[in-house]
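One structure below.
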2 protein chains.
Amino acid sequence: MAGATPVRRPYAARMAPDERRTQLLDTALGIALERGFHDVTIDGVARAAGVTRPVVYGLFADRAALLDALVDRAEVRALAQLAPSLPAVPGLHDDVDPDELLLAGLAAFLSAVQADPDTWRVVLLPPEGGPAELTARMTAGRRGALRALRELVEWGIARRGGPDLDADLFARTVLTLSEGAARLLLQQPGRYPPERFAAFTRALLGGLLPA
Amino acid sequence: MAGATPVRRPYAARMAPDERRTQLLDTALGIALERGFHDVTIDGVARAAGVTRPVVYGLFADRAALLDALVDRAEVRALAQLAPSLPAVPGLHDDVDPDELLLAGLAAFLSAVQADPDTWRVVLLPPEGGPAELTARMTAGRRGALRALRELVEWGIARRGGPDLDADLFARTVLTLSEGAARLLLQQPGRYPPERFAAFTRALLGGLLPA
DNA sequence: CTATGTTGCTACAGGTGTGTAGCAATTCCG
DNA sequence: CGGAATTGCTACACACCTGTAGCAACATAG
């Protein structure tokens with residue numbers, strides 16, 4: 001039929017590098033949330049953004065760099081939201097109620113999650129499938145969180161005078177349950193509003209009064 | 001140099017289908033545990049097993065079927081180990097201590113994990129990266145476990161007479177923490193022996209005595 | 001209405017994986 | 001020892017992804 005009309009691709013809207021960069025990150029974010037990190041490919045992102053691969057390569061060195069930038073942005077955002085409400089470890093005799101501190105922390109965390117769900121979805125996503133660097137990175141982040149929590153918890157246990165709990169396990173418990181709560185909140189905000197977790201936690205802690 | 005000697009591949013040891021099948025599943029298991037489901041490919045399994053792809057295709061229809069068989073086997077094994085110690089829901093007035101029931105359940109679970117770590121590693125592996133079917137399947141399994149747990153927990157809360165806890169959240173808490181404990185046990189059995197979790201749980205529950 | 005920089009595109013070369021058709025080596029049994 | 005029957009292998013046709021080199025379209029300032 002027709003004599004090989006080469007069919008040039010319609011030119012994508014031009015965009016300043018910064019703008020394109022965030023557009024591409026948003027696109028990558030969408031794919032990561034839908035199908036996991038392992039399905040974030042340069043090719044896929046380019047197509048989803050309506051652009052060709054070289055455009056992506058102009059802004060990110062390779063797939064690893066793209067993913068890195070993606071979680072980097074998420075971490076920065078997440079921390080920015082959280083930082084204001086991160087409590088320092090009080091002194092042993094300060095007049096601070098450990099239970100209230102924990103509840104306040106949980107509330108702050110959950111409301112951050114609620115305020116910017118997609119960011120937190122990334123942070124909470126299992127790193128499986130990403131390159132090893134990514135996994136290492138996210139594991140390191142979790143370890144940091146755990147360390148900070150453990151200090152708080154040690155203070156809390158000493159201060160509180162209830163049962164003498166294993167601080168390490170308790171810190172892990174708090175972290176794990178908080179993440180679990182966040183996941184439920186993200187999946188079914190209707191059924192699992194923050195207040196529900198607050199009430200549950202309060203009931204648990206209330207039962208744990210010092211003898 | 002040489003006149004195109006075609007270099008035939010050394011013939012792999014012949015094997016009856018059933019035997020080969022389990023060999024391939026074992027190989028796939030190894031890869032899954034090392035690098036996650038997403039890196040279990042027909043090609044990779046074939047190579048790791050010292051065999052060519054058609055051999056694998058002779059036993060599994062495709063990658064999805066292979067993964068399905070893999071987790072299938074793991075689920076069967078896991079359930080077989082667990083079934084003997086799965087408690088039925090006691091009557092409201094039966095003479096059973098809910099705390100002891102929970103502790104016994106945890107102990108049984110952790111000792112199953114310890115007895116067959118690789119099987120449980122599969123069950124506890126995040127399904128991310130596998131095909132959607134796999135994710136659906138593993139999610140369904142978790143839902144089943146949760147349903148069973150919730151019934152037990154409802155009984156326990158009523159029977160116990162402590163604080164009136166949200167049964168759904170409590171069941172989720174137990175499930176999440178048990179999984180977490182299993183993961184720790186699998187990663188660092190030295191630092192996190194089953195008794196440590198038992199002691200921690202006992203301390204927690206002990207603090208929760210009915211008023 | 002050009003000239004120049006910017007942004008995007010095409011095209012290539014290569015890697016790894018999927019799934020299938022048809023042939024070749026082995027094994028086993030008469 | 002000589003056929004089946006069984007088991008494994010080679011080869012092919014795709015599909016999708018990675019990176020890169022060089023060209024084409026656009027935008028804007030003069």
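Throughout, a chain's letter reflects where its sequence line sits, starting with A, and its residues are numbered from 1.
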Are any protein N/O atoms closer than 3.5 Å to N/O atoms in nucleotides 24-26 of chain C? If there are, list each pair with its distance.
unit_1: C:dT26; atom_1: O4'; unit_2: B:R14; atom_2: NE; d: 3.4
unit_1: C:dT26; atom_1: O2; unit_2: B:R14; atom_2: NH2; d: 3.1

Might you list the N or O atoms of the protein lying below 3.5 Å from N or O atoms in nucleotides 28-30 of chain D, with each pair's distance?
none

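For B:R202, the side-chain hydrogen bond (donor to acceptor under 3.5 Å, both in side chains) partners are B:E100, not counting sequence neighbours. For A:E128, there are no side-chain hydrogen bond (donor to acceptor under 3.5 Å, both in side chains) partners two or more places apart in sequence or in a different chain. Checked against salt bridge (Lys or Arg N to Asp or Glu O under 4.0 Å), B:D68 has the following partners two or more places apart in sequence or in another chain: B:R137. In this view, B:R150 and B:D168 satisfy the side-chain hydrogen bond (donor to acceptor under 3.5 Å, both in side chains) rule, not counting sequence neighbours. In this structure, the ring-ring contact (aromatic ring centres under 6.0 Å, His included) partners of A:F109, at least two apart in sequence or on a different chain, are A:W120. In this structure, the side-chain hydrogen bond (donor to acceptor under 3.5 Å, both in side chains) partners of B:T119, at least two apart in sequence or on a different chain, are B:D116.
Here C:dT6 presents its P atom at 14 Å from CG of A:D18, a figure rounded to the nearest Å. In this structure, the CG atom of A:L67 is 14 Å from the C1' atom of D:dC17, given to the nearest Å. The interatomic distance linking B:E19 (CD) with D:dT7 (C1') rounds to 13 Å, in whole Å. Across the protein-nucleic acid pair, B:L24 atom CG and D:dT7 atom P stand 13 Å apart, rounded to whole Å.
At a non-hydrogen distance threshold of 4.0 Å, B:T41, B:I42, B:D43, B:R47, B:R53, B:P54, B:Y57, B:D62, B:R63 from residues 36-64 of chain B come into contact with DNA chain C.
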For residues 48-62 of chain B, tabulate all N or O donor-acceptor pairs below 3.5 Å that involve a side-chain atom, not counting sequence neighbours.
unit_1: B:R53; atom_1: NE; unit_2: B:D43; atom_2: OD1; d: 3.1
unit_1: B:D62; atom_1: OD1; unit_2: B:A64; atom_2: N; d: 3.3
unit_1: B:D62; atom_1: OD1; unit_2: B:A65; atom_2: N; d: 3.0

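The list of side chain to side chain donor-acceptor pair (under 3.5 Å) pairs with a residue in residues 139-148 of chain B, not counting sequence neighbours, reads B:R142-B:E179. Residue pairs that meet the side chain to side chain donor-acceptor pair (under 3.5 Å) test with at least one member in residues 180-189 of chain B, sequence neighbours left out, are B:Q188-B:R191.
When all heavy atoms of B:V153 and B:A167 are compared, the pair lying nearest together is CG1-O, 3.7 Å.
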